[in-house]
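Counting starts at 1 for both ligands and their atoms, in listed order. Treat the numbers as computed from the prediction; the structure is a model and nothing was measured. The analysis underlying the following values was restricted to heavy atoms, covering all of them including side chains, and did not include hydrogens, waters or symmetry mates. All residue numbers in this chain count up from 1 along the given sequence.
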Amino acid sequence: MTKVLIATDKPFAAVAVQGIREIMEAAGFELALLEKYTEKAQLLDAVKDVDAIIIRSDIIDAEVLEAAKNLKIVVRAGAGYDNVDLDAATAHNVCVMNTPGQNANAVAELVFGMLVYSIRNHFNGTSGTELLTKKLGILAYGNVGRNVARIAKGFGMKVYAYDAFCPAAIIENDGVKALGSTEELFEKCQVVSLHIPATPETKNSINFDLMSKMPKGATIVNTARKEVVDEAGLVKMFEERPDFVYLTDIKPSNDAELAEKYGARYFGTPKKMGAQTAEANINAGIAAAKQIVEFIANGVRKYQVNK
Ligand code: 3PG
């Protein structure tokens with residue numbers, strides 16, 4: 001019998017797990033659950049007899065792939081798949097997929113949750129500021145970026161975007177001004193929201209030179225990946241620009257130091273929360289389950305990322 005494992009260090013909402021279970025039962029598959037595991041050994045043990053795995057930010061490296069002798073498919077219930085060793089998966093003949101767009105609205109809503117919390121001075125009772133008419137720059141116009149643009153327009157912000165791979169016409173069709181480069185976006189916008197994936201090209205690409213181009217009142221919101229921001233550059237920015245604010249859903253390694261030194265100018269969610277809504281868990285989890293059934297039953301490889 002085909003065995004599917006949900007391996008989620010950060011669990012889905014129970015309702016999403018139930019939905020996945022129903023899909024697996026209807027397909028005649030067995031479902032196993034490994035949540036909140038603390039040791040890699042638990043994951044290595046859980047994968048040893050499974051045909052398919054559903055993960056979130058869980059690390060699937062060569063060792064895990066080696067331990068999973070029957071494995072045919074890994075679906076990352078979410079967008080970013082930098083947590084999966086794609087080359088090792090290909091070498092083991094394992095298909096890797098993601099579920100693009102399924103949790104995008106949840107992440108986009110958190111951008112504004114953090115922004116409002118910040119500009120209202122963490123709700124401490126003092127006078128804050130407003131988003132209306134402020135210039136927002138969206139770096140990368142994918143599924144999350146698009147949702148951020150939609151919500152920003154509701155706040156009455158002036159919305160700009162730059163995406164190296166998305167034609168300007170598509171961006172402008174949404175009523176968003178397309179800019180010609182990352183530099184231009186940082187020069188123009190007081191608030192920049194990051195939506196680039198972590199790749200060898202993007203890692204540490206948000207550096208001091210770039211950040212320091214931002215106008216007064218500079219705020220960066222990072223709901224993408226911590227690796228895209230250069231940590232030394234971040235510290236320099238805090239030191240040299242007293243106006244600078246950094247809001248992040250993925251804490252940098254020097255989180256405690258930043259929180260202590262820069263107080264309200266730095267905010268990091270206690271745990272990565274962007275996709276942590278029941279709706280996003282249901283959307284991404286159910287999509288992952290359906291993709292596994294379609295792959296095992298019919299060989300459908302839509303959304304494969306290790307082609
Ligand atoms: C994603 O890439 O989909 C998001 O970063 C969400 O990640 P998570 O499932 O670990 O919350």
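- Close approach of ligand 1 to Gly78 is summarised as follows: ligand atoms under 4.0 Å from at least one heavy atom of the residue are 3 (O).
- Side-chain contact between Val305 and Val84: absent, with no pair of heavy atoms (C-beta onward) separated by less than 4.5 Å.
- The aromatic rings of Phe238 and Tyr266 stand perpendicular to each other, their planes meeting at an angle above 60°, with 30° marking the opposite boundary.
- Nearest to atom 10 (O) of ligand 1 by heavy-atom distance, out of Ser57, Gly80, Pro100, is Ser57.
- Counting all heavy atoms, side chain and backbone alike, Leu179 lies closest to Tyr162 at O-CD1, 3.1 Å.
- Contact record, Leu136 with Cys189: C-SG, 3.7 Å, taken as the closest heavy-atom pair.
- Look at Gln276 and you'll find every heavy atom at least 4.0 Å from all atoms of ligand 1.
- The aromatic rings of Phe112 and Phe155 sit parallel to each other, their planes meeting at less than 30°, with 60° as the upper class boundary.
- Annotation for ligand 1: atoms under 4.0 Å from non-hydrogen atoms of Ala79 are 1 (C), 2 (O), 3 (O).
- Taking each heavy atom of Thr277 and Ala106 in turn, the nearest pair found is OG1-CB, 3.6 Å.
- For ligand 1, the atoms sitting less than 4.0 Å from at least one non-hydrogen atom of Asn103 are 1 (C), 3 (O), 6 (C), numbered in the order shown with element in parentheses.
- From the protein, the heavy atom lying nearest to atom 11 (O) of ligand 1 is Lys10 NZ, 2.7 Å.
- At least one heavy atom of Arg225 sits less than 4.0 Å from an atom of ligand 1.
- Taking any N or O of Ala275, backbone or side chain, none lies under 3.5 Å from an N or O belonging to ligand 1.
- Using a 4.0 Å cut-off between a side-chain N of Lys or Arg and a carboxylate O of Asp or Glu, Arg241 and Asp243 qualify as a salt bridge.
- Annotation for ligand 1: atoms under 4.0 Å from non-hydrogen atoms of Lys272 are 4 (C), 5 (O), 6 (C), 7 (O), 8 (P), 10 (O).
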